Amino acid sequence: MIKIVNLNKYFKDKHVLKNINLEIEEGEVVGLIGPSGSGKSTLIRCINYLEEPTSGEIYINGENIANSGKNIDKIRQKIGMVFQHFHLFPHKTVLENIILAPVLTKKLTKEEAEEKALKLLETMDLFDKKDVYPNSLSGGQKQRIAIARSLAMDPEIMLFDEVTSALDPEMVGEVLNVMKDLAKTGMTMIVVTHEMAFAKQVADKVIFMADGEIVEENDALELFENPQNPRTREFLSKVLEY
Ligand SMILES: Nc1ncnc2c1ncn2[C@@H]1O[C@H](COP(=O)(O)OP(=O)(O)OP(=O)(O)O)[C@@H](O)[C@H]1O
């Protein structure tokens, strides 16, 4: 479903993704871990073309997104992304935030989009927040709304870029639970995370990146319990210390 071949990305003369090769199957949940600055965000931003690769190919369902021309918007619609900061529209209510893209780009009627949005809000236990403005919500609630907004587009792939990093610790769990439930539905997910316990429990596969390279890729339990590369071992010993 996602195939990345010899992907390189430079920012000016800085080589931030170095010959990345990767395949992700439909329904797979992939955890992307590694030190700050190792290229995790840049990699997932290349997957939906928020960043343009310098060289290499990215195929989504067999289609090379670099050559997709006018189809790029169609491909992007299949890929939802949730960011560290929620990017909700402050002057729109929760419900208006969620229906905006489905009405504009999927051409759903307002009623159809609202029906879908309300179902999503219900599954996230946020139905009673439908008419409030984002500023009155907690960080955890905002992030769950951001996830609902992405899901309202019926994506086939969801990208999560450190979605719990800006949250107060007591709100991390409620967002991770929504992601756990989503993983159980068979959604294909790539999750950049500093939450090692989440990666270990929920991801099928974990990729450790350092300095723009994929250093190690393995079944989640195996990577955490039996890391093969000394750089993986060093990173895990630091982050699992506490
Ligand atoms: N738009 C940009 N222009 C220039 N350099 C950039 C840009 N975006 C990222 N970089 C650089 O590319 C490298 C990889 O950054 P990236 O954000 O992908 O790393 P990361 O592993 O996601 O880090 P973090 O965990 O801190 O978010 C870093 O050195 C960063 O400074």
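Sequence positions, counted from 1, serve as the residue numbers for this chain. Keep in mind it's a predicted model, so treat the numbers as computed, not measured. Order of appearance sets the numbers: ligands from 1, and atoms from 1 within every ligand.
- Of the candidates L17, T42, T193, it is T42 that places a heavy atom closest to atom 16 (P) of ligand 1.
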Check: Does the side chain to side chain contact (heavy atoms under 4.5 Å, CB included) test come out yes or no for V239 and I33, once each step is laid out?
Finding: CA-CA 11 Å; V239 295; I33 63 170; over 6 Å; no

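- Of all protein heavy atoms, the one closest to atom 12 (O) of ligand 1 is V16 CG1, 3.1 Å.
- L151 and M189 fall within the same hydrophobic cluster, defined by Ile, Leu, Val, Met, Phe, Trp and Tyr side-chain heavy atoms under 4.5 Å apart, directly or through other members.
- Here the heavy atom of the protein found nearest to atom 26 (O) of ligand 1 is S36 OG, 2.6 Å.
- A search for side chain to side chain donor-acceptor pair (under 3.5 Å) contacts involving E28 returns nothing, not counting sequence neighbours.
- Less than 4.0 angstrom separates some heavy atom of S38 from each of these atoms of ligand 1: 19 (O), 20 (P), 21 (O).
- Between the side chain of H15 and the main chain of L17, a donor-acceptor pair closer than 3.5 Å is present.
- If you check which protein heavy atom lies closest to atom 21 (O) of ligand 1, you get K40 NZ, 2.8 Å.
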### Message
Could you walk me through whether N21 and V5 satisfy the side chain to side chain contact (heavy atoms under 4.5 Å, CB included) test, starting with their C-alpha distance in whole Å, then the side-chain angles of each, then the deciding distance to 0.1 Å, before giving a yes or no?
### Response
CA-CA 5 Å; N21 288 281; V5 184; 3.9 Å; yes

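- In this structure the side chain of I157 never reaches within 4.5 angstrom of the side chain of K78, judged on heavy atoms.
- For atom 30 (C) of ligand 1, the candidate residues are E162, K14, K9; the nearest heavy-atom contact is made by K14.
- For G39, a nitrogen or oxygen atom sits less than 3.5 Å from a nitrogen or oxygen atom of ligand 1, counting backbone and side chain alike.
- Using a 4.5 Å heavy-atom cutoff, the side chains of M179 and V202 are not in contact.
- The protein heavy-atom contact nearest to atom 17 (O) of ligand 1 is S41 CB, 3.7 Å.
- Scanning the protein for heavy atoms near atom 1 (N) of ligand 1, the closest one is F11 CE2, 3.5 Å.
- Ligand 1 places these atoms under 4.0 Å from at least one heavy atom of P35: 21 (O).
- For ligand 1, the atoms closer than 4.0 angstrom to any heavy atom of H194 are 25 (O).
- Between I4 and L43 the shortest side-chain heavy-atom distance falls below 4.5 Å.
- Summarising the contacts of atom 20 (P) of ligand 1 with G37, C46, G212, S165, the nearest heavy atom is found in G37.
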